[in-house]
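Indexing begins at 1, ligand by ligand and atom by atom, following the structure's order.
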Amino acid sequence: MDLYEYQAKELFARHGITVPPGQVAATPQEARAIATELKVPVVIKAQVKTGGRGKAGGVRLAPGPSAAEDEARRILGMDIKGHTAHSVLVEQATGGFEEYYAAYLVDRANRTLLAMVSSEGGMDIEEVAATKPEALARIPIDATSGVDLETARLLAARAGLPEDVQDAVAETLVRLWEVLVEEDALLVEVNPLACTSDGRVLALDGKITLDGNAAFRHDHAAFADGSDDGGLEARARAKHLNYVKLAGQVGVIGNGAGLVMSTLDVVAYAGERFDGVRPANFLDIGGGASAQVMADGLEIILFDPDVRAVLVNVFGGITACDAVANGIVKALEVLGDARCPIVVRLDGNNAEAGREILSDAAHPMVRVVTTMDGAAELVAELAAA
Ligand SMILES: Nc1ncnc2c1ncn2[C@@H]1O[C@H](COP(=O)(O)OP(=O)(O)OP(=O)(O)O)[C@@H](O)[C@H]1O
Ligand SMILES: [Mg+2]
């Protein structure tokens, strides 16, 4: 789960990293009230889970409360790379600072955790890596030993930070490591990390990606707002379904994680020939694909406005294909109707009987295909139509 900047800053503050005082506002009036309370020039910042807000006009300085209200009015509702700003962070404007960069992340390619610190803050780190690699220190971190003051000082020095700020930055780097470990994050990033002329180190921006697999250990639930997936994952969780929202147009249901993963692959592959359509989700309904589970699964998938065709791909085992076919027929009765075509591929135990049940039911939206590749081809074609 990605956090908003204001949520990331909340976690930073819990671990002793200094952030500018500020609060979130959902209306221009609230922004004005917060600015009035802060009694200083403020920065109004669009809260969206994407980068490049500054360039898009989503970060603005406001010298006083009425300017804060105006800027908030302008930013609220703004679209930034497909993300709507539903709230703004109103925070104290810091003055007189140099901008640096600091991050820890899981480096999957190298099977390690990675620290990245740079003297070039405020800009895209990819750009720094490409144009000024000497200003970016990248040091693998051993998960068991972590980042102590010594390692942190080395990071600050290697990144070419001025000597007089290295110690203060190192302290913040140790705390940032604490955030990664104690909050079970996959990524923590501060850009810019500001060092003020009076010797303070502040996180002026923050990104955190939390590891959902560790959610049970934390009180992070309050951070979830369903904005990433239109609330679909939360709905699915409530029905105990193993569902992950993806960005495509083909709804996918299968039994068994491996089968569903390969279904995603064949759909993406077939989609290359049909307008580049892609899978809209991962959904594994597991072994006992009862009518109710099938109905719950179809309901979630058809609720996703992006879905334009559905592929049900089942390999009958202990739960045989005729039971699954009955499940699909009953599910469609429960749901009343399907708003888009459903392609079904059944194989394995009692596949023939299953296909017969579906052809007898003759549901106008259901198409039966015997092979997985054929089913993927048809569903991609239907989704692109
Ligand atoms: N509280 C603040 N006080 C003073 N300047 C700020 C403050 N917050 C942000 N800024 C300035 O605005 C710039 C952009 O802010 P920020 O990094 O939060 O947005 P961004 O980089 O455009 O967004 P993103 O990181 O999402 O791409 C910063 O580099 C910094 O110079
Ligand atoms: Mg930034």
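Residues Q7 and H220 bring no donor and acceptor atom of their side chains to less than 3.5 Å of each other. Y101 and E189 are linked by a side-chain donor-acceptor pair at a separation below 3.5 angstrom, with hydrogens and angles left out of the test. Checked by atom type, the side-chain pair T263/N313 shows a donor-acceptor distance below 3.5 Å.
By the 3.5 Å distance cut-off applied to N or O atoms, K55 is not counted among the residues near ligand 1. Note: no N/O pair closer than 3.5 Å links A93 and ligand 1 by distance alone.
Among all non-hydrogen protein atoms, the one lying nearest atom 2 (C) of ligand 1 is V43 CG2, 3.6 Å. Among protein heavy atoms, atom 1 (N) of ligand 1 sits closest to E91 OE2, 2.7 Å. For atom 10 (N) of ligand 1, the nearest non-hydrogen atom of the protein is L204 CD1, 4.3 Å. Closest to atom 29 (O) of ligand 1 among all protein heavy atoms lies E99 OE2, 3.1 Å. Nearest protein heavy-atom neighbour of atom 25 (O) of ligand 1: D205 OD2, 2.4 Å. Summary of contacts: the protein heavy atom closest to atom 26 (O) of ligand 1 is R53 NE, 2.9 Å. For atom 5 (N) of ligand 1, the closest non-hydrogen atom of the protein is F97 CZ, 3.6 Å. Looking only at heavy atoms of the protein, atom 20 (P) of ligand 1 is closest to G54 N, 3.9 Å.
Close contacts between ligand 1 and V59 involve ligand atoms 12 (O), 19 (O) [criterion: under 4.0 Å to a heavy atom]. The distance from ligand 1 to the heavy atoms of Q92 drops below 4.0 Å at these ligand atoms: 1 (N), 2 (C), 3 (N). Heavy-atom contacts of K207 reach the following atoms of ligand 1: 25 (O), 26 (O) (cutoff under 4.0 Å). Of all atoms in ligand 1, listed by their number and element, those nearer than 4.0 Å to a heavy atom of T50 are 26 (O). For ligand 1, the atoms lying closer than 4.0 Å to a non-hydrogen atom of T94 are 2 (C), 3 (N), 4 (C). Near G52, meaning under 4.0 Å from one of its heavy atoms, ligand 1 places the atoms 24 (P), 26 (O), 27 (O).
Seen from the ring of F12, R175 does not count as a face-on cation partner, given the 6.0 Å and 45° thresholds.
Remark: E91 engages K9 in a salt bridge, criterion side-chain N to carboxylate O under 4.0 Å. No salt bridge links E5 with K49; every basic N to acidic carboxylate O contact stays at or beyond 4.0 Å.
Only one option out of Q249, R278, K245 pairs with D306 in a side chain to side chain donor-acceptor pair (under 3.5 Å); it is K245.
In this structure, the side chain to side chain contact (heavy atoms under 4.5 Å, CB included) partners of Q166, at least two apart in sequence or on a different chain, are A156, A157, L161, E163. Every residue two or more places apart in sequence or in another chain was checked for a side-chain hydrogen bond (donor to acceptor under 3.5 Å, both in side chains) with K81, and none qualifies.
Under the 4.5 Å side-chain contact rule for hydrophobic residues, L89 and V40 do not share a cluster.
Atom CD of E37 is surrounded by 12 or fewer heavy atoms from other residues, nucleotides or ligands within 6.0 Å. Annotation: R367, atom CZ; neighbour count of heavy atoms from other residues, nucleotides and ligands within 6.0 Å does not exceed 12.
Take the Mg ion (ligand 2) and draw a sphere of radius 2.8 Å; the protein N/O/S atoms inside it number 2.
With a 4.0 Å cut-off on non-hydrogen atoms, K45 touches ligand 1 through its side chain and not its backbone.
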Working for salt bridge (Lys or Arg N to Asp or Glu O under 4.0 Å), residues R153 and E150: CA-CA 5 Å; R153 283 206 187 96; E150 198 184 332; over 6 Å; no
Would you tabulate the side-chain donor-acceptor contacts of residues 372-385 under 3.5 Å, counting partners in other chains and residues two or more places apart, or write 'none'?
| residue | atom | partner | partner atom | Å |
| --- | --- | --- | --- | --- |
| E377 | OE1 | R273 | NH2 | 2.5 |

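Not a single protein heavy atom sits closer than 4.0 Å to atom 13 (C) of ligand 1.
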